2 protein chains.
Amino acid sequence: MKKTPISVAIVEDVQGTRENLEELLKRTPDLKCAGIYASGEDALRNLPKIAPDVVLMDINLPGMTGVQCTAELKAVLPKTLILMLTAYENSDLIFESLRSGASGYLMKNTEPDEIIQAIEQVCAGGAPMSMQIARKVVNHFQLIKKPSAEFEQLTVRENEILSLLAKGFLYKEIAAQLQISLHTVRGHVHLVYEKLHVQSRSEAIIKFLGQKG
Amino acid sequence: MKKTPISVAIVEDVQGTRENLEELLKRTPDLKCAGIYASGEDALRNLPKIAPDVVLMDINLPGMTGVQCTAELKAVLPKTLILMLTAYENSDLIFESLRSGASGYLMKNTEPDEIIQAIEQVCAGGAPMSMQIARKVVNHFQLIKKPSAEFEQLTVRENEILSLLAKGFLYKEIAAQLQISLHTVRGHVHLVYEKLHVQSRSEAIIKFLGQKG
DNA sequence: AGACATACAGAACGAATGTTCTGTAGCTAA
DNA sequence: TTAGCTACAGAACATTCGTTCTGTATGTCT
């Protein structure tokens with residue numbers, strides 16, 4: 001698929017795991033081990049010159065975490081693909097990693113064969129991860145969707161006013177934009193609060209923004 | 001893995017494809033074809049009684065779309081897993097499907113073997129999709145991330161207060177929770193506003209929530 | 001037509017919020 | 001040590017918001 005070998009760097013604090021990974025890369029024909037680092041700080045200092053195709057990043061590093069390191073690396077090397085390695089399936093860390101720019105998420109107990117496959121897959125435009133992790137990622141989208149019954153009761157005018165509220169306008173600014181009096185705005189806002197079951201502008205905005213996701 | 005066969009329903013308007021899928025299910029030992037429908041409306045009428053384990057849903061249906069059908073089915077049968085079938089890799093449709101509650105996303109030209117595997121995988125807690133689609137889903141998380149320079153200037157106390165503001169608490173409630181005076185809360189809030197370059201609680205909340213994704 | 005419901009508009013009053021001050025404690029650099 | 005900086009705490013005053021009223025169209029049943 002690729003003629004030149006894929007250059008891969010390793011960031012992993014545990015010596016044993018680090019050496020195993022290095023060994024694995026070295027004995028695989030199409031891969032090249034471009035750098036090995038025991039800490040995120042060390043990796044950040046050296047990787048920018050090397051610009052590898054792929055980085056295998058331990059998520060649990062002493063000092064700077066793998067997530068932080070990923071974010072900073074991606075800022076410098078946007079084209080470098082990062083695969084997280086982790087011992088545990090922690091949901092929060094998965095999402096933080098993906099937000100930081102990781103392109104895949106592997107468990108440490110993954111078979112060597114599959115690690116190699118994952119490296120090739122990520123280069124081919126994929127996002128390798130275990131099927132349990134894939135489901136978590138997919139479910140995340142569904143959580144965004146919320147019951148929107150309350151919002152449907154709002155009249156056109158109330159919706160108009162709510163969306164202005166949620167842009168941060170003052171009552172008097174809303175009154176000016178809609179050509180109605182300040183008092184009237186207050187009246188509408190109060191009805192919006194009743195229908196949304198909230199008692200302050202803040203809560204209404206939070207509910208409104210949470211709704212759009 | 002499962003002793004009883006997995007019950008699978010098909011929603012697909014094209015007769016040829018529909019019959020091919022049915023044939024595929026029938027000749028696979030561990031699968032049972034529980035229902036075949038040519039439209040979303042038809043599926044919605046009949047599936048609630050059947051409650052299959054998995055539904056293969058064509059995304060491109062005449063009348064009600066596969067996405068709509070997925071959303072309504074999921075509302076009635078939250079435990080039923082839905083795999084979307086599609087001819088084209090349209091990003092928007094992928095995300096709409098996932099938001100509507102689909103648990104996997106297959107191309108129509110997928111090999112029969114892989115379709116069977118996908119059905120088994122989704123029952124086992126996975127989220128089968130092509131590697132290109134997986135990457136799109138993962139990338140979606142990265143887009144959420146925004147520049148957060150302003151927030152880093154906040155002190156621990158200020159962050160604490162901002163996050164309480166963004167939960168809708170009143171000043172006096174915040175004062176009580178943090179054991180400081182109402183006046184002090186005001187003072188902190190004002191500093192937060194300065195650092196975030198906003199001038200009201202609403203704007204601060206909007207900025208704070210927009211930041212988290 | 002009369003009774004009822006709803007969307008919209010406005011006013012008065014108390015409560016919450018925003019601004020601008022002052023003061024204290026801890027930490028750093030000259 | 002002293003001067004300067006920052007985080008935190010508080011007070012006085014002005015503005016904005018939230019609640020509870022009343023009133024006016026408009027539409028829909030019966």
Side-chain angles (χ1 to χ4, degrees), chain A residues 41 63-65 68 72 146-212, chain B residues 146-212:
Chain A
E41 291 83 352
M64 164 184 274
T65 70
Q68 287 176 283
E72 299 195 21
K146 297 218 176 148
S148 61
E150 293 162 328
F151 288 90
E152 291 173 8
Q153 296 181 7
L154 298 179
T155 68
V156 174
R157 198 57 149 181
E158 287 161 357
N159 247 305
E160 202 172 2
I161 286 181
L162 175 56
S163 75
L164 291 171
L165 278 186
K167 291 197 179 97
F169 289 112
L170 301 179
Y171 283 6
K172 67 178 180 188
E173 293 172 325
I174 295 175
Q177 278 186 53
L178 301 183
Q179 311 255 49
I180 56 181
S181 98
L182 183 59
H183 309 289
T184 305
V185 175
R186 279 202 252 269
H188 284 302
V189 169
H190 184 67
L191 289 175
V192 170
Y193 291 175
E194 273 192 352
K195 292 183 182 175
L196 297 188
H197 305 108
V198 299
Q199 334 187 90
S200 76
R201 181 170 177 150
S202 307
E203 292 180 65
I205 292 177
I206 293 165
K207 209 154 192 172
F208 182 76
L209 294 180
Q211 166 66 22
K212 330 220 73 181
Chain B
K146 296 209 175 158
S148 63
E150 293 163 329
F151 288 89
E152 291 173 10
Q153 297 180 3
L154 298 180
T155 68
V156 173
R157 197 56 148 182
E158 286 160 359
N159 247 303
E160 204 172 1
I161 286 181
L162 175 56
S163 75
L164 290 172
L165 278 187
K167 289 195 180 98
F169 289 112
L170 302 179
Y171 282 6
K172 65 179 177 185
E173 293 172 324
I174 295 175
Q177 278 185 55
L178 301 183
Q179 310 255 51
I180 55 180
S181 98
L182 183 60
H183 308 291
T184 305
V185 174
R186 279 201 256 268
H188 284 302
V189 169
H190 184 66
L191 289 175
V192 170
Y193 291 175
E194 272 192 351
K195 291 184 182 174
L196 297 187
H197 306 108
V198 300
Q199 19 209 24
S200 76
R201 178 172 179 147
S202 307
E203 291 180 67
I205 292 178
I206 294 164
K207 209 154 192 173
F208 181 75
L209 293 180
Q211 166 65 21
K212 329 222 68 181

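Just so it is clear: chains get the letters A, B, ... in the order the sequence lines come, proteins before strands, and each one is counted from 1. These numbers were taken from a predicted model, which means no experiment stands behind them.
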List the atom of [X], the atom of [Y], and the distance in Å for their closest heavy-atom pair.
X	Y	value
A:Tyr171	A:Leu165	CE1-CD2, 3.8 Å
A:Leu182	A:Ala175	N-CB, 3.8 Å
A:Arg201	A:Gly168	NH2-C, 3.6 Å
B:Leu196	B:Leu154	CD2-CD1, 4.4 Å

When you check the phosphate oxygens OP1 and OP2 of [N], does a side-chain N or O of [X] lie under 4.0 Å from one of them?
X	N	result
B:Thr184	D:dA9	no
B:Thr155	D:dA7	no
B:His188	D:dA9	yes
A:Ser181	C:dA9	no
B:His190	C:dG18	no
B:His183	D:dG10	no

Counting neighbours of CD on B:Gln177 that are heavy atoms of other residues, nucleotides or ligands and sit closer than 6.0 Å, is the number greater than 12?
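Check passes, neighbour count above 12.
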Measure [atom1]/[X] against [atom2]/[N] and give the value in whole Å, please.
X	N	atom1	atom2	value
B:Glu203	D:dC17	CD	P	11 Å
A:Lys172	D:dC17	NZ	P	9 Å
B:Gln153	D:dT6	CD	P	11 Å
B:Arg157	C:dT24	CZ	P	20 Å
A:Leu191	C:dC8	CG	P	9 Å
A:Gln199	C:dA16	CD	C1'	13 Å
B:Glu194	C:dT19	CD	C1'	10 Å
A:Tyr171	C:dA16	OH	P	14 Å

Select from B:Arg186 and A:Gly187 the residue whose nearest nucleotide in DNA chain D is closer to the 5' end of that strand.
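Looking at DNA chain D, the more 5' nearest nucleotide goes with B:Arg186.
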